[in-house]
Amino acid sequence: MIEVNQVSKRFGNIAAVRNVTFSVSSGEVYGLLGENGAGKTTTMRMMATILQPTEGDIRIGGFSVRTQPVEVRRRIGILFGGDVGLYNRLTARENIAYFGRLYGLTGARLDQRIDQLSRMLHMEAFIDRRVGGFSRGMKQKVAIARTLVHDPDVILLDEPTTGLDVTAANMFRRMVAMLREEGKTILFSSHNMGEIEKLCSRIAIIHKGSLRYAGTVAALRERCGMNDLDDIFMAMVEEGGR
Amino acid sequence: MDRQVVWTIFGKEMLDLLRDRKTLIGTFLIPLVVIPFVFFLLSMSYSNVEKEARAYVPIAVTGTSKLVDHLRSQPGVRILSPDRPAEALQAGELRAIVTIPDHFDQALRSGGSARLHVAYDNTNQKSVYAKSVIDSAVQQYSSDIVSMRLRQAGLSAEAIKPIETTYENAASDERQTGGMLAGIIPLMVVLSLASGGVAAATDLVAGEKERGTLESLLTTPIAANQILTAKLLAVMVMSCISATASLLSLSFVFRLGPLKVDGTVLSFGFLSPASLAVLAATIVLLAALFAGLELTLSTVAKSFKEGQTYMTGVVILAMIPSYMLMPIHPVDIPALYYVLPVFNGVALCKEAFYGAVDPLHTLVGLGTSLLYVSVVIAATARLFRREGAVVRW
């Protein structure tokens, strides 16, 4: 479903991503691991067609981000971590409806989808309140609903649990598990090893823009001869730093 | 281009902007409340000074002459005798000092001339008014002397004033109102157009970049040009609302009266369908030009604050032609100004308000405006499509 093929991205003289290759199968939850500044967000942005690869290509659902960006965007939903990018002066419902309309949803279909997401994410109490006064967790729920409003096949989650408290992060992980049950293809970036292990069948580790590993967690443990994922990650990062 | 998508984005932008306090203050409150209030205060202050200047005109007189009787007969004049007249004049206690030389009346009676000395303070409006009162008294006394001399010579008054001239103002009330408004209104309209869209333009690109919402918007299957078109329309609408609010508030101020020219009946009859059409087209094109420039700067800016700083340039760009053209009568506007950006809009506004719309000027002014708008919007669209301009990394 997602094919990242020898992708590089340079900003002037700085190489943010270097020759990265991995693929995500349909219905799989795939983890993208790396420190802050490793190149995870840049890779996600290239998948979302916000940035164009300097070299290589990414295909999502068979469509190229280079030549068919609109077709790619129709099939993905992306959630950025940190600043969740909501319109604070609009209500939660208005935020979700706005993005729904941009994906072509209208009328009763849009209303039903918003109600469905509102129930699923327990947003009924604040769906008609302006987002500006929301807590981080409430905002994240609205952002998730906005990401899912058009029922995308591919969901890109860029460090989605950053800044969330334990309860909100747990709720989020349950939601990812539920989406996995629905057969969605999910790429989940994080620097939290435990979180990735709980959710993902396969992972890719990026360090300083380069791919260090792509495969299953079990194979990684076997390769490194260690059990703790944090230790494995640190060993790979140190190895990459040398 | 999918128009439905453009309207969806435009509708959201308008809803978002109309809920923003900063935008509401800049677009509505300042033109509708602050401008009339400032004008009203200025006019009230001016008329109060004038009223006080007429009601009490304290002057000092040294020397004797029948001229003093003429001075006393002027409304509001009080003859005072302070110990230090020069200091009293400086302190504003006196408005003028009249020094009559010795043998003043004797010199005049004998057919000669005499020199009168009047000291006043040119920086004090009340003292300037006192000078005009003294001029009036001197004029009356001079007329008496001339009449006496003519009688003695056996001549009538017509002997020294053979031609009697009557003046009639050819300008109608509409033309006088338009002429008066052609000075101030284009200035206010152009400044409102430039400043009215600033908050919206800054918020809709630089602000959205900062909040991360533009990035989310760019992940939807919408072309960058559609997003830009909707934002351009939103900024234009805010600019036009601000300009309309300025026009309405200024009309209200002028109807209040204090700024009216004496004897002029305020009439908006100069706004013919033709001049209204020129005015509307000019306002829309200026709004598009400013919106394009403001969105370009907002796209270049890396933060909301940086965007606000850049916007000052657009307001200055609007101020220069507005102030340069403000004192120029519409019929005296140089031909070059109908070609230069913003100048052409201000010039057409002046013509429209003066009720003297020239078809050639209109064609050239609107044509060149359209050209500038196209260039600016094309440049903005090009910039907006560049990934580095709209996404922060």
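The sequence lines fix the lettering, A, B, ..., with proteins before strands; numbering per chain opens at 1.
- Sorted by first and then second residue, the side-chain hydrogen bond (donor to acceptor under 3.5 Å, both in side chains) pairs with a member in residues 188-207 of chain B read A/Arg89-B/Asp203, B/Ser192-B/Ser246, B/Asp203-B/Arg211; sequence neighbours excluded.
- No part of A/Arg75 comes within reach of chain B, as not one of its non-hydrogen atoms sits under 4.5 angstrom from that chain.
- Considering only heavy-atom pairs separated by less than 4.5 Å from chain B, the leading option among A/Gln52, A/Glu71, A/Arg101 is A/Gln52.
- When the salt bridge (Lys or Arg N to Asp or Glu O under 4.0 Å) test is applied to A/Glu3, no partner is found at least two apart in sequence or on another chain.
- Counting only N and O atoms by type, the side chains of A/Asn19 and A/Ser8 include no donor and acceptor under 3.5 Å apart.
- The aromatic rings of A/Tyr87 and A/Tyr98 sit perpendicular to each other, their planes meeting at more than 60°, with 30° as the lower class boundary.
- A donor atom on one side chain and an acceptor atom on the other are not found under 3.5 Å apart for A/Glu124 and A/Ser118.
- In this structure, chain B has heavy atoms under 4.5 Å from both the backbone and the side chain of A/Leu102.
- Residue with the most contacts toward chain A among B/Thr8, B/Ile222, B/Val5, B/Asp16: B/Asp16 (heavy-atom pairs, distance under 4.5 Å).
- Here B/Pro221 is the residue among B/Pro221, B/Ala223, B/Ala224 with the most heavy-atom pairs under 4.5 Å with chain A.
- Only the side chain of A/Glu94 comes within contact range of chain B, with heavy atoms under 4.5 Å apart.
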